[in-house]
Amino acid sequence: MRTHYCGTIRTEQIGETITLCGWVDRRRDLGGVIFLHLRDRSGSVQVVSDPIRTPASYHLAETLRSEYVVKITGRVYNRPEESLNTRIPTGEIEVYAEQIEVLNRVHNQLPFQVSQTENEFVREDLRLKYRYLDLRRERMSANLQLRHRVIKAIRRCLEDRFNFMEIETPILTRSTPEGARDFILPSRVNLGEWFALPQSPQLFKQLLMVSGFDRYYQVARCFRDEDLRADRQPEFTQLDMEMSFMSQEEIIDLNEELIYQIFKEIKGIELSRPFPRMTYAQAMDEYGCDKPDTRFDLKLVNVSELFKDSQFKVFSGAIASGGVVKILPIPGGNETISNVRIKPGGNLFKEAAEAGAKGVAYIRVLDNNEIETIGAIKDSLSEASKQQLLTLTGAKPGDLLLFGAGDAAMVNKTLDRLRLVIGRELGLIDDNKVNLLWVTDFPMFEYNADEKRLEALHHPFTAPHPDDIADLTTARAQAYDIIFNGTEIGGGSVRIHQREIQEKVFSAIGLSTEEANDKFGFLLEAFEFGTPPHGGIAYGLDRLVMLLAGEDSIRDVIAFPKTQQARCLLMNAPSGVDTKQLKELEVISTYKPKADSQ
RNA sequence: GGGACUGUAGCUCAGUUGGUUAGAGCGCGCGCCUGUCACGCGCGAGGUCGCGGGUUCGAGUCCCGUCAGUCCCGCCA
């Protein structure tokens, strides 16, 4: 039907007669001459019609309206000198519409304008209900095209350079005990039994290693029935990879090359390699989190040693009961952060309270290194300790020191949040920076106080560090996360490939031999038949694309996302089903809709 | 499960201390206009102020409930 995409026409096509198909983006009828912008996914181009140059199309051009679908044949001309448009790539040329064919009209008022000036905001529920129109808009179209280019770059790199194979794994699989809630589906053929949708292809990809497909990848849909966030959808896409006969170093090296390639092709940025590394312990110590945004400093300082015998009981007490005292030093903070904001009612106080802190103690460093703080802290601080405090934190006159005291997890969480809020507010974050960081040496387990047992921090198939094998409960894992500007975009590990070690790990997380055999017997058995050493990684593809697109929500890089209430407003899913369908499955819903309260 | 914000014309928003006929820009319709590109000018249509209840002489505005969307906490190995 057509010969070109609208957005691709340049001065090279001048003189050619071309045929374009697309949507009327805008129409400007000047009375005697009509300008149209014709749009397709490549962009738009100006089409001209007037009674003299294009008599055959003029009357039809008068009837065109926004979003009509048209086919236009005409010759490409350069624009008059004074009518060049430097803001669009096709601004040097225009097409004289010799022939216009209306392929389809718009019969109703559009729910929102597709062609938008500036970045006009439209309610998200409307956009989602009419997602097909939303996706016509330049921003969304560009996002999906970016997503496509990212996936294409990944495929090229993994397949052509590294010899990976893409292999599909089942969507209908079985429920797994650890991790997120499963989506489950009743089996009609096996009444009373249920499939689960995969939270990730983890076990299948490990089994593929057993099969000898030593380099596997998949653009894999994953499902988790948990509450939604700006960066969490119930179904999302992972770039899932698994490799045999590769050490952690080799896996990291290959993945750096992949990430390097993505940034080069998509953003034109050549990242310097190797990427910086940080151990989990160092990340927690200096940043209070396992995915530090290293675009700005504001590192935490542990001052527990200094305060362990302090007269100020809030600090010494915290340390005595196994906690810590840490400081977030803010250079120039006296100037930029008022007491009101740190005290109850202030936004920094609220931020700390959400992390579980009872409050935020602080010290202001004044001229001559005098300090200003509450009396109880000042009284408890000897001149020597004061000097030590200033040395440890590197604080200078004008600086503000924010304290976190108590349980280490809470202190880290509090100061991490304050660091990010303050970093953003003080403009310390350079948006043009691209910082990639490997965080390594995660602990194998984390204690779950509610369930009174150890939990795998990564997942229970992660191999322990060979030096730490004697005591698994405190062992480091051969696990690694890749962090992009403070967001985790991927994580992986070397896997266990020996039955004895896998059994020890299952036992460490409180899985009985029977449970382990019931849930993972197939894996343990597979380990007996020649399983190669292997490891892998999975990237949150939606999140990666979101960051590359500069969006704040993964919904903006997913064609048909769910709302926060996990609904598809376009299809209106989920929905009820026929009782006949339920009967066939031997399923009865016990759900009672809430009675209308009057 | 919890907290916060939002909901007024097709869209984006304004609407003061509760006050009489609810406004603007864009879009839409009609007319004029031959170099616009967010074209311009004129005229016009378009409203269950999310929904339900309450307070009041009077509610878009205050109160209660509810629905929807968003952000966050919990949750997400």
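Proteins get letters first, then strands, A, B, ... in listed order; numbering begins at 1 in each.
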- Message: When both hydrogen-bonding distances must be under 3.5 Å and the geometry is Watson-Crick or G-U wobble, what is B:A77 paired with, if anything?
- Response: none

- Query: With a non-hydrogen cut-off below 4.0 angstrom, is A:D225 in contact with a base, only sugar-phosphate, or nothing?
  - Reply: nothing

- Item | A:E92 CD: over 12 foreign heavy atoms closer than 6.0 Å | no

- Item | A:Q206 side chain to A:H534 side chain, donor-acceptor N/O pair below 3.5 angstrom | yes

- Note on the structure: When both distances are under 3.5 Å in a Watson-Crick or G-U wobble arrangement, the nucleotide paired with B:G27 is none

- Paired nucleotide for B:U70 [Watson-Crick or G-U wobble; both distances under 3.5 Å]: B:A4

- Message: What's the gap between B:G52 and B:C13 when it is taken at their C1' atoms, as a whole Å value?
- Response: 26 Å

- Query: Using a cut-off of less than 4.0 Å, is there contact between a side-chain N or O of A:R28 and OP1 or OP2 of B:U36?
  - Reply: no

Contacts under 3.5 Å, N or O only, protein and nucleotides 22-29 of chain B:
| unit_1 | atom_1 | unit_2 | atom_2 | d |
| --- | --- | --- | --- | --- |
| B:C26 | O2' | A:Q113 | OE1 | 3.3 |
| B:C26 | O2' | A:Q113 | NE2 | 2.9 |
| B:C26 | O2 | A:Q113 | OE1 | 3.4 |
| B:G27 | O4' | A:Q113 | OE1 | 3.4 |
| B:G29 | OP1 | A:R65 | NE | 3.1 |

- In whole angstrom, give me the gap between the C1' atoms of B:A59 and B:A45. 28 Å

- Task: Send over the distance from A:Y77 OH to B:U34 P, rounded to a whole Å.
- Result: 21 Å

- With heavy atoms under 4.0 Å as the rule, sort A:P80 into base, sugar-phosphate or nothing. base

- Message: Please report the distance, rounded to the nearest Å, between CG in A:L133 and C1' in B:G10.
- Response: 12 Å

- Task: Considering only atom C1', compute the distance from B:U34 to B:C41 and round it to an integer number of Å.
- Result: 16 Å

- Message: Mind checking if A:R79 touches a base, just sugar-phosphate, or nothing, with heavy atoms under 4.0 Å?
- Response: base

- Salt bridge flag under 4.0 Å for residues A:R136 and A:D134: no

- Message: Taking any heavy-atom pair under 4.0 Å as a contact, classify A:I88: base, sugar-phosphate, or nothing.
- Response: nothing

- When you measure from the side chain of A:H37, which nucleotide among B:C37, B:U12, B:U34 comes out closest? B:C37

- Query: Can you name the side chain to side chain contact (heavy atoms under 4.5 Å, CB included) partners of A:D556, sequence neighbours left out?
  - Reply: A:R127, A:R139, A:M140, A:N143, A:E551, A:S553

- Message: Using a 4.0 Å heavy-atom cut-off to protein, can you give one letter per nucleotide of nucleotides 68-77 of chain B, 5' to 3': B if the base is in contact, S if only the sugar-phosphate is, - if neither?
- Response: SSBBBBBBBB

- Under 5.5 Å between ring centres and under 30° between planes: true for A:F35 and the base of B:U36? yes

- Given atom CG of A:N85 and atom P of B:C39, what is their separation to the nearest angstrom? 11 Å

- What interatomic distance, in whole Å, is found between C1' of B:U56 and the corresponding atom of B:G31? 49 Å

- Task: Begin with the C-alpha distance, continue with both residues' side-chain angles, and end with the deciding distance and a verdict on side chain to side chain donor-acceptor pair (under 3.5 Å) for A:S44 and A:D25.
- Result: CA-CA 8 Å; A:S44 65; A:D25 190 61; 5.1 Å; no

- By side chain to side chain contact (heavy atoms under 4.5 Å, CB included), A:R232 pairs with (sequence neighbours left out) A:R229, A:R543

- What integer number of Å spans the P atoms of B:C57 and B:U16? 22 Å

- Message: Applying side chain to side chain contact (heavy atoms under 4.5 Å, CB included), can you list everything that pairs with A:S589, at least two apart in sequence or on another chain?
- Response: A:Y591

- Establish, yes or no, whether a centroid distance under 6.0 Å links the rings of A:F520 and A:F461. yes

- Item | Ring geometry between A:Y480 and A:W438 (parallel below 30°, tilted from 30 to 60°, perpendicular above 60°) | perpendicular

- Query: With rounding to whole Å, what would you report as the distance between B:U6 and B:G50 at their P atoms?
  - Reply: 13 Å

- Tell me, please, which residues at least two apart from A:E235 pass side chain to side chain contact (heavy atoms under 4.5 Å, CB included). A:R221, A:F223, A:K562

- Tell me, yes or no, whether the heavy-atom count around A:Q99 atom CD, taken from other residues, nucleotides or ligands under 6.0 Å, exceeds 12. no

- Message: Measuring only the C1' atom in each nucleotide, how far is B:G58 from B:U21? A whole number of Å is fine.
- Response: 16 Å

- Query: If the P atom of B:G69 is compared with that of B:C63, how far apart are they to the nearest Å?
  - Reply: 24 Å

- Item | Between B:U34 (P) and A:E94 (CD): distance, integer Å | 17 Å

- Paired to B:G19 by Watson-Crick or G-U wobble criteria (both distances under 3.5 Å) is B:C57

